[in-house]
Amino acid sequence: MKKGLLALSPLAVFIILYLVTSIIARDFYRVPIIVAFMVSSIYAIATTRGKLRKRINVFSRGAGKPEMMLMLWIFVLAGAFANSAKVMGSIDATVNLTLALLPSQMLLAGLFLAACFISLSIGTSVGTIVALTPIAAGVATQTDTSVAMMTAVVVGGSFFGDNLSFISDTTIIATQTQGCKLSDKFRVNSFIVIPAAVVILIVYVFMGQGMTAPSNVPETELLKVLPYLVVLLTAVIGVNVMAVLTLGIILTGIIGLTGGAFDIFGWFKAMGDGIVGMGELIIITLMAGGLLEVIRHNGGIDYIITKLTHHIHGKRGAELSIGALVSVIDVCTANNTVAIITVGGIAHKIGDRYGLDPRKCASLLDTFSCFTQGLLPYGAQLLMAAGLASLNPVAIVPYLYYPFAIGIAAMMAIIFRYPKRYS
């Protein structure tokens with residue numbers, strides 16, 4: 001037990017240093033999140049047994065995992081695209097078009113629907129956030145609305161598709177580990193989360209009633225909207241997010257150079273400034289990956305799994321343990337895909353032992369992982385959204401209505417044995 005608690009203690013150090021201290025100070029900017037990760041990473045290495053070089057290698061292995069490197073590449077390309085599009089005038093033009101097309105009272109609901117549709121089409125929350133966050137931040141500024149709230153609308157909607165899409169990695173892994181069809185899991189999952197999405201959409205319609213768009217919206221320069229339209233369309237048809245962003249960067253360059261928004265050196269500077277602006281996000285991602293690998297190496301993940309599966313009574317208890325397992329592992333790994341891979345086999349064994357429907361097990365794995373991932377201030381989605389909107393990721397969390405809603409819906413599905421056919 002002492003070994004398991006010691007393995008998890010770096011996470012406790014991070015929580016105390018960042019969250020608790022910030023709450024006491026009533027200011028989440030007082031303790032930089034990057035410093036909290038640095039201190040907890042040093043502590044994690046210091047409390048690990050073995051030669052110092054080997055301990056550092058464990059940390060470095062976690063920071064340098066292929067999925068981490070892929071995420072960093074996305075951050076670099078997203079920074080270059082977002083800032084070159086901003087300097088070229090693409091964001092302003094897209095915001096003007098959005099304000100012209102949507103009534104002001106439907107802006108929140110419209111953005112949420114757009115995020116839901118795009119994420120369902122492309123199967124990734126990160127790609128949706130990259131495409132829509134700059135637009136949401138621009139609309140918020142133009143309508144004098146909270147940037148954090150508008151960004152949260154996009155982040156929440158992005159998890160709709162992450163949870164339901166047939167091409168989402170979480171959906172594919174959840175169904176593979178539980179031995180059921182994608183279509184069956186989609187059907188069960190829909191019963192659980194679509195009512196939550198409808199409720200949140202209605203909430204956004206009512207919240208949008210008080211919004212007022214500026215009366216003198218400038219005429220939209222449609223050519224400058226083209227990079228975002230191309231990014232959205234290519235993402236929707238399933239093109240890899242890195243290829244999508246690269247195409248967006250090239251388009252902003254061509255349009256900006258021909259339109260006189262900047263010369264070749266101005267374009268390079270815009271891209272460079274955007275990449276530098278992602279610097280803190282990149283460092284946080286590396287540190288989080290290393291810290292969580294040290295926790296896994298020291299047995300922290302195994303300890304959590306053992307404790308959460310020790311006392312299970314009946315089907316409700318079995319389903320709750322599956323939800324708790326994937327949520328806790330997601331907190332420790334900050335990656336819902338990795339969390340499902342980690343506990344998928346154990347969830348399947350629990351399901352077999354207590355006679356659970358594998359289709360519902362897959363749905364619970366996916367839904368609880370998306371619920372948890374959607375609220376993590378150090379998760380890739382919130383870090384990306386915060387970086388693109390120039391916010392502290394913690395500022396977005398209170399407005400994440402949809403992730404909260406699917407967490408509640410998943411709990412109700414367990415407590416009330418819903419949907420009946422699969423319970």
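Along the sequence shown, the residues carry numbers beginning at 1.
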task = Check whether more than 12 heavy atoms from other residues, nucleotides or ligands sit under 6.0 Å from atom CE of Met69, and answer yes or no.
result =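 Atom CE in Met69 is crowded, with more than 12 foreign heavy atoms closer than 6.0 Å.
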query = For Phe262, does the CZ atom have more than 12 heavy-atom neighbours from other residues, nucleotides or ligands under 6.0 Å away?
reply = yes
query = Which residue, Val244, Val76, Ile249, forms the side-chain contact (heavy atoms from CB on, under 4.5 Å) with Phe81?
reply = Ile249
ask   = Going through the checks in order, is the ring-ring contact (aromatic ring centres under 6.0 Å, His included) test met by Phe117 and Phe160?
value = CA-CA 8 Å; Phe117 171 72; Phe160 179 82; over 10 Å; no
message = In this structure, is the centre-to-centre distance between the rings of Phe371 and Phe159 below 6.0 Å?
response = no
Calculate, to the nearest 0.5 Å, the distance between atoms [atom1] and [atom2] belonging to [X] and [Y] respectively.
X      : Y      : atom1 : atom2 : result
Phe59  : Ile45  : CZ    : CD1   : 5.0 Å
Tyr204 : Leu113 : OH    : CG    : 11.0 Å
Leu365 : Ile346 : CG    : CD1   : 10.5 Å
Ser125 : Gln373 : OG    : CD    : 7.0 Å
Asn189 : Thr367 : CG    : OG1   : 4.0 Å

inquiry  = For a 4.5 angstrom cut-off between non-hydrogen side-chain atoms, does Lys269 reach Asp273?
reply    = yes
query = Under 4.5 Å between any side-chain heavy atoms of Tyr378 and Val331, yes or no?
reply =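 Side chain of Tyr378 against side chain of Val331, heavy atoms only: contact under 4.5 Å found.
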Expected output: side-chain Ser158 to main-chain Val155 donor-acceptor under 3.5 Å =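 Yes, because the side chain of Ser158 sits within donor-acceptor range (under 3.5 Å) of the backbone of Val155.
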query = Sub-3.5 Å donor-acceptor pair from the side chain of Ser165 to the main-chain atoms of Asp162, do we have one?
reply = no
ask   = Minimum heavy-atom separation for Met278 to Leu388, with atom names?
value =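 What the structure gives for the nearest pair is CE-CD2, 3.5 Å.
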